[in-house]
**Q** 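Quick one: structure below, then a few questions.
Any value given below was found using the heavy atoms of this structure, including those in side chains, with hydrogens, waters and symmetry copies removed.
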Amino acid sequence: MTFSIPTDLDLRARCPRELEESAIELLLKDPEHDDEPRPTLRGHGDYIFGVFLLARAAPDEDHIYYQQIGLVITHDTLLTVRKTRPAAFPPYDPEPARAAMRETDSAGMIVYRIVDDIAEQYLDLVDDVDAEIDELEEQGRDAAGLGDA
């Protein structure tokens with residue numbers, strides 16, 4: 001089960017268990033700045049709560065933004081809450097993780113597939129940043145009249 005930017009009532013209605021208030025607050029809270037909320041993964045009794053952040057490049061805007069993925073993991077259920085800041089950019093797309101899923105996957109294995117997808121997308125980010133660096137170097141050479149030196 002996955003949804004983007006829930007209300008308090010939506011979140012509480014869809015949760016597989018009653019959650020600690022600290023987990024509810026983090027799942028509902030908008031990111032405040034570049035380093036909040038911090039990624040976390042912690043046990044809360046009979047469920048695991050987590051927040052992952054995925055840095056993404058928007059090359060056309062020369063901007064890096066963050067997608068936030070909140071997780072509530074039980075033995076047999078996974079709830080994800082996806083957000084992004086600023087809101088003009090899309091939230092995390094779980095489709096690559098879904099495509100890799102098997103019918104027999106446990107909630108834990110689905111989380112593994114999400115984390116694997118996040119890691120793969122960080123490799124894409126490195127490629128995007130490298131391309132931006134190349135573009136800046138080329139602009140610098142052109143401005144200095146050095147051409148393809």
**Q** Between Tyr122 and Ile118, is there a side-chain heavy-atom distance shorter than 4.5 Å?
**A**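 Contact flag for Ile118/Tyr122 side chains = yes.
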**Q** Taking CD in Glu61 as the centre, count heavy atoms belonging to other residues, nucleotides or ligands within less than 6.0 Å. Is the count above 12?
**A** yes
**Q** Between Glu120 and Leu123, is there a side-chain heavy-atom distance shorter than 4.5 Å?
**A** yes
**Q** If you count heavy atoms of other groups shown closer than 6.0 angstrom to NE2 of His63, is the number above 12?
**A** yes
**Q** Can you check salt bridge (Lys or Arg N to Asp or Glu O under 4.0 Å) on Glu21 and Lys29, steps first, answer last?
**A** CA-CA 12 Å; Glu21 282 303 311; Lys29 189 176 188 178; over 6 Å; no
**Q** Determine whether the side chains of Thr104 and Arg102 contain a donor N or O and an acceptor N or O closer than 3.5 Å.
**A** no
**Q** Enter the distance from Arg12:CZ to Asp8:CG here, rounded to the nearest 0.5 Å.
**A**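 Nearest 0.5 Å value for the CZ-CG distance: 4.0 Å.
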**Q** From Leu27 CG over to Ile69 CD1, what is the distance, rounded to the nearest 0.5 angstrom?
**A**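 Going from the CG atom of Leu27 to the CD1 atom of Ile69 covers 12.0 Å.
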**Q** Do the side chains of Leu71 and Val81 get nearer than 4.5 Å, heavy atoms only?
**A** no
**Q** Kindly compute the distance separating CZ (Arg98) from CG (Asp105), expressed to the nearest 0.5 Å.
**A** 13.5 Å
**Q** In Å and rounded to the nearest 0.5 Å, what is the CG to CD distance from Leu136 to Glu132?
**A**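 If we round to the nearest 0.5 Å, Leu136:CG and Glu132:CD are 6.5 Å apart.
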**Q** Taking the basic N atoms (NZ, or NE/NH1/NH2) and the acidic carboxylate oxygens, is any pair closer than 4.0 Å for Arg14 and Asp10?
**A** no
**Q** Does any part of the side chain of Leu79, heavy atoms only, come nearer than 4.5 Å to the side chain of Leu11, both counted from C-beta?
**A** yes
**Q** Tell me, do Asp76 and Thr74 make a side-chain contact under 4.5 Å, heavy atoms counted?
**A** yes
**Q** Take atom CZ of Phe89 as the centre, draw a 6.0 Å sphere, and report whether it contains more than 12 heavy atoms from other residues, nucleotides or ligands.
**A** yes
**Q** Does Pro94 reach the side chain of Ile114, with side-chain heavy atoms less than 4.5 Å apart?
**A** no
**Q** If we ignore angles and hydrogens, is there a donor and acceptor under 3.5 Å between the side chains of Arg56 and Gln121?
**A**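 There is such a pair (donor and acceptor under 3.5 Å, judged by atom type) between the side chains of Arg56 and Gln121.
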**Q** May I ask you to test the Val72-Leu19 pair for a side-chain heavy-atom distance under 4.5 Å?
**A** yes
**Q** Do Tyr65 and Thr84 have side-chain heavy atoms sitting under 4.5 Å apart?
**A** yes
**Q** Given the rule that I, L, V, M, F, W and Y join up when any side-chain heavy atoms are under 4.5 Å apart, are Tyr112 and Val51 in one cluster?
**A**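 They do not share one cluster, since no chain of ILVMFWY contacts under 4.5 Å joins Tyr112 to Val51.
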**Q** If you measure from CE on Met101 to CE on Met109, what distance do you get to the nearest 0.5 Å?
**A**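 Answer rounded to 0.5 Å: 10.5 Å.
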**Q** For the pair Gln67 (side chain) and Pro90 (backbone), establish whether a donor and an acceptor sit closer than 3.5 Å, ignoring hydrogens and angles.
**A** yes
**Q** Go through the steps for Thr77 and Tyr47 under the test side chain to side chain contact (heavy atoms under 4.5 Å, CB included), then give the verdict.
**A** CA-CA 9 Å; Thr77 306; Tyr47 68 93; over 6 Å; no
**Q** Mind listing the closest non-hydrogen atom pair of His44 and Ser22 along with its distance?
**A** CE1-OG, 3.9 Å
**Q** I'd like to know whether Phe49 forms a side chain to side chain contact (heavy atoms under 4.5 Å, CB included) with Leu26, so could you lay out the CA-CA distance, the side-chain angles of the two residues, the decisive distance to 0.1 Å, and finally the verdict.
**A** CA-CA 10 Å; Phe49 169 75; Leu26 281 173; 3.7 Å; yes
**Q** How long is the span from the CG atom in Leu54 to the OH atom in Tyr66, to the nearest 0.5 Å?
**A** 10.0 Å
